[in-house]
Amino acid sequence: MRCVSKVPSTIPQRQKFLDQKREALLEQMKEVQNSIDYIDWKQDFYQDVLDGKRPYISNLIAVDKIEELTN
């Protein structure tokens with residue numbers, strides 16, 4: 001029978017590793033949430049354009065360029 005009182009000496013290192021991994025995962029969660037928030041904003045923007053609540057404005061490609069590329 002093993003003695004439970006013997007604690008492996010690597011537990012502090014394991015705790016440190018898990019703390020670091022947890023922090024990294026929390027940072028990844030923030031990045032994912034920021035991406036989701038942007039997608040939600042963009043979807044709302046597109047819906048407002050379709051509903052006539054705002055004009056379509058692109059900061060990336062001029063509207064006439066889009067029409068030119070799609071024709």
Heavy-atom side-chain contact between Q43 and Y46 under 4.5 Å: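 Yes, at least one pair of side-chain atoms sits under 4.5 Å.
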Less than 4.5 Å apart, any side-chain heavy atom of M29 and any of L25?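 No, their side chains stay 4.5 Å or more apart.
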Distance-only donor-acceptor check, side chains D19 and Q15, under 3.5 Å: no
Apply the side-chain contact (heavy atoms from CB on, under 4.5 Å) test between K16 and each candidate in R14, Q13, Q20; give the one that qualifies. Q20
Got a second to check how far D40's CG is from Q33's CD, nearest 0.5 Å? 8.0 Å
Let me confirm one number: the CD-CD distance from Q28 to E31, rounded to the nearest 0.5 Å. 7.0 Å
Check whether more than 12 heavy atoms from other residues, nucleotides or ligands sit under 6.0 Å from atom NZ of K53, and answer yes or no. no
Classify the ring geometry of Y56 against F45: parallel below 30°, tilted from 30° to 60°, perpendicular beyond 60°.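 Correct class here is tilted.
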